[in-house]
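Only one structure is covered here, and it is reproduced in the block below.
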Amino acid sequence: MTAVQIVAFTAAMVLGVLVVLCREPLRQSLVNGVFALALAVLFMVLQAPDVALSDIVVGTVAFPLVLLATIARTRENQRPE
């Protein structure tokens, strides 16, 4: 195992733990996007560019945007009138 692989595995592991430890949904969605980016780097290091590209599109862009829109809409509905 090379040093680059060790760094990529460690970054993915640490960011995965940070996603679990975040309690605020907004912050958790942002950390989840960074975690997905770290996974994409890990996939590139492990020579799986097709999986990395899919992870970039879904995990880094689409999922956080859908999650942020859901949080905004839920908070909007919870405001007292």
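Nothing fancy with the numbering, it's 1 onward along the sequence.
- Across all non-hydrogen atoms, the minimal contact from Ala52 to Ala40 is CB-O, 3.5 Å.
- With sequence neighbours excluded, no residue satisfies side chain to side chain contact (heavy atoms under 4.5 Å, CB included) with Ser54.
- For CD of Gln47, the number of neighbouring non-hydrogen atoms (other residues, nucleotides, ligands) closer than 6.0 Å is 12 at most.
- Minimum heavy-atom separation, Arg75 to Pro25: NH2-CD, 4.4 Å.
- Taking both residues in full, the closest heavy atoms of Pro64 and Gly33 are given as CG-CA, 4.1 Å, listed atom of the first, atom of the second, then distance.
- Other members of the cluster containing Phe9 are Met1, Ile6, Val14, Leu15, Leu18, Val19, Val31, Val34, Phe35, Leu39, Leu42, Phe43, Leu46, Val51, with ILVMFWY side chains joined at under 4.5 Å, either directly or via other members.
- Minimum interatomic distance between Arg27 and Cys22 (heavy atoms only, all atoms of both residues): CG-SG, 4.1 Å.
- Rounded to the nearest 0.5 angstrom, Asp55 CG and Asp50 CG are separated by 11.5 Å.
- Distance check: Thr60 OG1 to Leu65 CG gives 10.5 Å after rounding to the nearest 0.5 Å.
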